[in-house]
S.K.: 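The structure under discussion is supplied below as C-alpha cells; questions concerning it will follow.
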There are 6 protein chains.
Amino acid sequence: MRPSGRNLSDMRPISIETGVMRHAEGSCLIRCGGTEVLCTASLEEKCPPFLKGSGQGWVTAEYGMLPRATNSRNKREAALGKQSGRSQEIQRLIGRSLRAGVDRRALGERQIIIDCDVIQADGGTRCAAITGGWVALRLAVNKLMKAGLINIDPIIDHVAAVSCGIYAGQAVMDLDYAEDSEAGTDGNFVLTGAGRLIEVQMSAEGSPFSRDQMNQLMDLAEAGVAQLVAAQKAAIA
Amino acid sequence: MRPSGRNLSDMRPISIETGVMRHAEGSCLIRCGGTEVLCTASLEEKCPPFLKGSGQGWVTAEYGMLPRATNSRNKREAALGKQSGRSQEIQRLIGRSLRAGVDRRALGERQIIIDCDVIQADGGTRCAAITGGWVALRLAVNKLMKAGLINIDPIIDHVAAVSCGIYAGQAVMDLDYAEDSEAGTDGNFVLTGAGRLIEVQMSAEGSPFSRDQMNQLMDLAEAGVAQLVAAQKAAIA
Amino acid sequence: MRPSGRNLSDMRPISIETGVMRHAEGSCLIRCGGTEVLCTASLEEKCPPFLKGSGQGWVTAEYGMLPRATNSRNKREAALGKQSGRSQEIQRLIGRSLRAGVDRRALGERQIIIDCDVIQADGGTRCAAITGGWVALRLAVNKLMKAGLINIDPIIDHVAAVSCGIYAGQAVMDLDYAEDSEAGTDGNFVLTGAGRLIEVQMSAEGSPFSRDQMNQLMDLAEAGVAQLVAAQKAAIA
Amino acid sequence: MRPSGRNLSDMRPISIETGVMRHAEGSCLIRCGGTEVLCTASLEEKCPPFLKGSGQGWVTAEYGMLPRATNSRNKREAALGKQSGRSQEIQRLIGRSLRAGVDRRALGERQIIIDCDVIQADGGTRCAAITGGWVALRLAVNKLMKAGLINIDPIIDHVAAVSCGIYAGQAVMDLDYAEDSEAGTDGNFVLTGAGRLIEVQMSAEGSPFSRDQMNQLMDLAEAGVAQLVAAQKAAIA
Amino acid sequence: MRPSGRNLSDMRPISIETGVMRHAEGSCLIRCGGTEVLCTASLEEKCPPFLKGSGQGWVTAEYGMLPRATNSRNKREAALGKQSGRSQEIQRLIGRSLRAGVDRRALGERQIIIDCDVIQADGGTRCAAITGGWVALRLAVNKLMKAGLINIDPIIDHVAAVSCGIYAGQAVMDLDYAEDSEAGTDGNFVLTGAGRLIEVQMSAEGSPFSRDQMNQLMDLAEAGVAQLVAAQKAAIA
Amino acid sequence: MRPSGRNLSDMRPISIETGVMRHAEGSCLIRCGGTEVLCTASLEEKCPPFLKGSGQGWVTAEYGMLPRATNSRNKREAALGKQSGRSQEIQRLIGRSLRAGVDRRALGERQIIIDCDVIQADGGTRCAAITGGWVALRLAVNKLMKAGLINIDPIIDHVAAVSCGIYAGQAVMDLDYAEDSEAGTDGNFVLTGAGRLIEVQMSAEGSPFSRDQMNQLMDLAEAGVAQLVAAQKAAIA
C-alpha cells in the first residue's frame, strides 16, 4: 500500500558517513532513503554577543537545499536575496532541537554552527538534518574534549528525529516524498536517546486528526528514533 | 504558584470585540489577558496564481507586532527590511491552521487574507491570532454568503488555539509572558470546535518532556479550546 | 458641500486617549474623525552615535500603517522588504516636527522614539501622528522628570498639525479622505502652541494655487491647531 | 554678512547648458553657483500600468548624487542596496512638481522619466533638479511634437524652484551649503512661469518662524523663480 | 618546491563521477585534487524572455559554495541576503564559457541552467565548475537528443578550464589553494577540445608579469585542458 | 571597414581634464571618443578593518553608470536595490588593477576610494575608468605627499587600460560600442607604464579565438596603453 512497498512501521535504509569534509570540526553525510544531507559543525571560539560574560555557549544551525535537490529546480535562495520562510523555520527547529541536548554551561563561551545542506531530497530533510547534525556536533565536541578545551562533556544525550504521518488513513513511519505530499497528517518528532521528547510538531494537511491517531504516530516515532540513535552510535563508534 | 495567581487550569479572561475596523470584510480585536491582537479579513476576488483554474480558493495570513507591544521596543520589521524568521513561522502556522477549517472548493476562486497585528503582547500571541483570525474569517465569509456570492458555507468548523506548558514542573493552561519565558516546555495547540486536532507543537525549552506530560498538556488544551470556541460563538452571535 | 456635511472651517471630532499601552513610557490613541493613530514613546538611555559626547539628546519617529487601515488592503511593508518612500517621508516629517519643540540639550544624551501606527485611515494620518506623537512624548518626558533624571523641562511648547486644502475651489479645514483624494491643493501645517510655524507643506495636486489661497489655508491652520492644542492639554491634564 | 558676500536677495549665477547627453531625448547641465545637476529626459512609449487605457501619460523623476559630490564622501546608494529616505523624498517632489506643469491627457499614454544626478553639491540641489529637469522635459516634448507624435503641447507653463531661508535672522535668497547648514528656517518653493504656486515647503530647523517671515521668503521666491524662468527661456531658445 | 610536491606541469588527480543526482537532466561530481564541485544541468522548456521568438536557446550558470567548503566558515550567501561579487563574477564566467561551446540555434527555444555548488574548495573551483558543468550539460543534451526533441547536436566542442600561475617565480600548472593564495600571477584559461581559446583571464596579484610569462602560462593551460578533455571523454563514455 | 572609419590600430581621441570636482582629493573627467567617465579619489585616514595594524593601506574602487549614459535607459541600480553583477565585476577589476601599481606599505594605513561614474558610454568604460582612475589616484597621492603625510611615493608606475578585439575577423584597437556589440572576441588589457601586464581578459563572444589572434590583440594593447600613458603624463604635468 505504501508507494515504496515498505511496511507501515518500516524506516528507509539509513547511512551516516562521517568525516566527509576536510575542514569542518565535525561532519557527516546522512542518507535516509533518497534523502541526502551534508552536515558540518563549525567551531567558533566566541559566543554570540547576547551570551558574552554568561559563561554559556551556543549551538545554532543553518539549513539550505541545492537548487536541483528536488524534482523540479528551486530558485537559489542566495540569488533570490533571502532565505524562504520554510528554510528559516527549519533551521530554527534544528538549532532548538540540538540545543535541547546540550549543557551550554559545560560548553563554555564558544559557538558551534551546524550547517545542514540538502544534496538530494526525498522527504524528511529536516529530520535527517537533525539526526545528522547531532553527529557533526558530537564529533566537533569530541575534538574540543580531546584538545582539553573542555573537561565535562556538554552533550547530555543523543538527539534524533523522524517524520511520521497519516497516509491513506494509516499511521506510517518515515514518510518519503511521495507519501508526504499526499499525507493527511504530517508530524516531525525529535527525541533524545532516552526516548524523551524534545519537539513534537503535528499538522493536519487535510482533515483534522484524533488523539488516537496522534498516539499512533508517537508510538512509531519512538520506535523510529531508537533505530536512528543506533545508527548514530554506529557512526561515531 | 503561578505569577498571576491563576489555578493551573485557568485561562485568562477572553474578550472578542467584532467589527472594530471600518473597511475590512471581517475584523475583531481579541484580548486574552494582557495580549491584544487586531485581526482583519480582506477579501480578494481572485485567487493566487497557483490555483488559477482549480476551482479552489485560498486563505492566508500575515502576522506583525507593533514595535512597542512588548516591554522593550523591538525594531520595526519594515525598517529592518524583512520579517523575522519568527514572524514568518507564525504567519505560516496561522494560515495553515485556518485553511484546515475551510472547504476551499466551496470558497471558490477567491482569496481571504487574515492580518493579525499584535497591539500588546503578554504571551500567546500566535494562539490569540488564530482564535481571532477565525472570527474575522467567519465574518467575511458571512458577508460573502449574504451577498449570494457563495451558497455552501466553506467554513467546516471553528478553529481556535491555546498555549499550554510545563511551568515550575506542572502543566498549566494558557501561558502568559512571565510563565512562557520560564517554561520548561511550551506547546501550541490548534483544535476544531469538535475537539479534533489541527496542529500540535510542543517544544522543550529546558529539559525534554515525557509522553505523560504531553498528555496532560493535551488535556488542558482540549478544555481551553472549548472555552475559546464558546467565546467565538458569543462574539459572532 | 463637503462630503461629510461639515462647514468649511469645521474640524472633525478629536479624541486623545492616553496610557493605552502598558509597556510604553508614553502612549495615546488619537482619533480625528475616522482616522485612528496609536502613538507610543519609547525611551532609550543612550543617544544615537552621531551625538555621543555632545550633551544633546534625540527625538525620532517611525510611521506605519496596518495593511487594512484603508479601503483596499495595502501590502505589508515588512513583507515587501522595505518602507515605502511615502512612509519614510512621513516619519522624517514627524521626527523633524517634534524635535523643533524640544530643547535637546535639556533632554540630555538619551533618545525618545515615537512610533506612530495608523490603525484606521481617513485622511490626515501624518497630522494626527504629529499631534498624538507629541502627547506620547510629553508623557514620557513627564516620567523622566518625575524620576528626577532631568530637571529642566526639555519640551518648549506644544506641537500639533492639521491638514487643510482647496476642495471644490474653497479652502477647507481638516481634510478627510474623500476630500483629500479630490483636493486641488493639499497642505500640512505644523505649529506650536504659541501659533508659530514649524513646518508648512503645500502641494498643488491639480492646478497651481495663489498666494491668496495659501493665506486662507494658513488662517484655517492656525485656528485648527489651536483646537488640537486644547485637546492635547485636556488629554495630559 | 552672507558667507558668499551676496546681497540678501541675490541669486547665485545660473547656467543651463542643453544637449549635453548624446542619447537622451532631452538633457541639460544646470549650474547654480557651485551646484551642478545633470538632468536627462528619457521617453518611453508606454505609460505605467496604473494608467493603461486612461488616455493619460506620466512624468516621473529619479534623483541621485555622485558619492563625492559633497565635501566628505557619501556611501554609494547602489552599494548600500537602497535609496535613502532623503533621495526618495526629493525625487517624489521633483516628479510631483513637474507633473503639475503638464497636461497628462495631451501627453498621451507615454512616460517621460527625468533623471537628476547631482555632480557637485553646494546647496539647493533639489531646486536645481526641478529647474533643470523642466528644461530636459521641455526638450523631450519638443522632439515628440516635431516628430508629430503629439499635436497639442502638453506643457502648460514653466516650472522652476528656488530655496530661500532665514539665515542669521534675515530672509535670504537661494541658500548655498554654508547658509543651508546654519539656516534657522529653510524653504523650497516651486512656482510656474506665471508665478503661481506648485509646492511650498518650509521647515524650522532651529526655532519656529512667523507668518511674517514666511511672507518674506515667499516674496524672495517669486523674484528668484522669475530669474530662473528667464534662464530656462534663454536655454531653450 | 610546490607545497604538494607536484612537478611544475603536473595537474592534480581528476575524477568525474556522472549521474550523481537523481532528479537532474545531467549531473556530475568533479574532483580536482581537494576541490569538489557538484554540477547539475536543469532543463527548462522555455527560454528567457529576451530570446522569445528568436529561435535560439540559452545556457546559464549559477555558482555557490557550501559555508564550510573552506578552512574557515564563510557566511551563507542566502542568509546574508545576496550573492557576493565574487560568486556573481564566477557564475557569469561559467555561463559565458559554456555558451561559447553551444550552437544556441540548434538548441532551440529552451534553457539549460547549470548549477555548480562547491562542496569542498582547494583552489581552482571556477575551473572545475566549468569542466564539470560541461559534462552535466553534455548529459542533459544527450537526453534531449535521445528524446528526439532536438536533431542536430548543439554542442560544438568540449569546454574545459584550468588555472595556472606564477608561483615562487615559476609558471605552475593547476594551482591549489596553498599556491593560489601566494601566487604572484594567477590565470584562468578556458579552452575548447580543439585547443582554441574561449576565455583568458590573467591577473597580477603581486608584481606585474611579462608577455613571456604569459606565454608560459598559456602553454601549460593548453596541456592541462587536454588532460581535462580526456577526463571528460572518459566520464561520458 | 570600422564603423567609425578608423584604421585598425587607431585609438579614439583621448582627453583627460583634471581637477573637475571641487571636493575630491583628486579627480578627472576622461573622454575616450564618446565615452565619458568622471573619476574621483577620496582619501580616508583609516584603512579597512582587515588591514588594521598591518602598516599597509588600501586602494579600492566603485563603478556606476548614469541611467541614461546609454542609448536606452538602464534602471538605476540604487532604485533596484543592488549593483548588477556587471558593475561589481568591473569595480573589482578597477580596484585590483590600481592596487597592482601601488606600494601599499608606502601608502600607510589609509584608504583611497576611486569612484568611477560613467556619464556617457560608447564602449570601453571599464578601461577608461582604470586610466582615469589612475590619474585621480595620482593627484590624491600628490596631495598627501605635498602635505608631508607620506614621504616615499607609493605609486610605482602608471596603470592604464585599453580594450581590443576581433571585429569582422580582424584585430582592432580600442573598440567602440558599435564594434564591441558585434565583436567575436573582446579583450581588456591593463598594463603599466613600463609595458608590463597587470590584467589580461579575453573572451570569445562568438567563436573561440587562436593564440595568434591573442598575440595580435596583445600587440595592439601595448601600443594603445603607451598612448594612454602619454595622455596621463600630459594631464598631470
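Every chain is numbered from 1 and lettered A, B, ... according to where its sequence line falls, protein lines coming before strand lines.
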S.K.: Which residues in residues 111-118 of chain A have a heavy atom less than 4.5 Å from any heavy atom of chain B?
M.R.: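 Result: none.
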
S.K.: Using heavy-atom distances under 4.5 Å, tell me whether A/Thr192 contacts chain B through its side chain, its backbone, both, or neither.
M.R.: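 Looking at A/Thr192, just its side chain touches chain B.
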
S.K.: Do B/Asp174 and B/Asp10 come close enough that some side-chain heavy atom pair is under 4.5 Å?
M.R.: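 With C-beta onward as the side chain, the pair stays apart.
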
S.K.: Looking at every heavy atom in both A/Gly26 and A/Leu139, which two are closest together, and how far apart are they?
M.R.: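 A/Gly26 and A/Leu139 have their closest heavy atoms at CA-CB, 3.9 Å.
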
S.K.: Determine the option with the most heavy-atom pairs under 4.5 angstrom with chain B, choosing from A/Asn188, A/Leu191, A/Asn215, A/Asp157.
M.R.: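 Ranked by heavy-atom pairs under 4.5 Å with chain B, first place is A/Asn215.
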
S.K.: Above 12 or not: heavy atoms from other molecules or residues under 6.0 Å from CD of B/Glu182?
M.R.: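 Count not over threshold, so no.
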
S.K.: Measure the CG-CZ distance between A/Leu51 and A/Arg110 for me, rounded to the nearest 0.5 Å.
M.R.: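 It is 13.0 Å, given to the nearest 0.5 Å.
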
S.K.: Under 4.5 Å from any heavy atom of chain B, what part of A/Asp219 do you find: side chain, backbone, both or neither?
M.R.: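 Contact with chain B involves both backbone and side-chain atoms of A/Asp219.
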
S.K.: When only pairs under 4.5 Å are counted, which of B/Gln88, B/Gln91, B/Gln83, B/Arg92 shares the most heavy-atom pairs with chain A?
M.R.: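 Sorted descending by pairs with chain A, the first entry is B/Arg92.
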
S.K.: Between A/Glu222, A/Met202, A/Met214, A/Lys82, who has the most heavy-atom pairs with chain B when the cutoff is under 4.5 Å?
M.R.: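 When all of A/Glu222, A/Met202, A/Met214, A/Lys82 are compared, A/Met202 has the most.
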
S.K.: Testing the basics here: between A/Val159 and A/Gly101, what is the closest heavy-atom pair and its distance to 0.1 Å?
M.R.: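 Scanning both residues completely, I find the closest heavy atoms to be CG2-CA, 3.9 Å.
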
S.K.: How close do A/Ile30 and A/Gly132 get, counting heavy atoms only, and between which atoms?
M.R.: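 Taking A/Ile30 first and A/Gly132 second, the nearest heavy atoms are CD1-N, 3.7 Å.
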
S.K.: Working to the nearest 0.5 angstrom, can you tell me the gap between B/Cys32 SG and B/Leu175 CG?
M.R.: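 Nearest 0.5 Å value for the SG-CG distance: 12.5 Å.
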
S.K.: Relative to chain A, which of B/Arg99, B/Glu205, B/Arg86 shows the most heavy atom pairs under 4.5 Å?
M.R.: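 Heavy-atom pair counts peak at B/Arg86.
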
S.K.: When heavy-atom pairs shorter than 4.5 Å are enumerated against chain B, which of A/Ser207, A/Ala204, A/Pro208 gives the highest number?
M.R.: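 Top count of heavy-atom pairs under 4.5 Å with chain B: A/Pro208.
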
S.K.: Hey, mind stepping through A/Glu77 and A/Ser84 against side-chain hydrogen bond (donor to acceptor under 3.5 Å, both in side chains) and telling me if it holds?
M.R.: CA-CA 7 Å; A/Glu77 290 188 335; A/Ser84 69; 3.1 Å; yes

S.K.: Do the side-chain N and O atoms of A/Thr70 and A/Tyr177 include a donor-acceptor pair separated by under 3.5 angstrom?
M.R.: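 No - no donor-acceptor pair under 3.5 Å links their side chains.
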
S.K.: Count the heavy-atom pairs under 4.5 Å between each of A/Arg211, A/Glu199, A/Met218 and chain B, then report the option with the highest count.
M.R.: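 Looking at each option in turn, the highest pair count goes to A/Arg211.
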
S.K.: Rounded at 0.5 Å granularity, tell me how far CG in B/Asp212 sits from CG in B/Leu217.
M.R.: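 Here the interatomic distance stands at 10.0 Å.
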
S.K.: Give the member of B/Gln201, B/Gln213, B/Glu89 that has the highest number of heavy-atom pairs under 4.5 Å with chain A.
M.R.: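 It is B/Glu89.
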
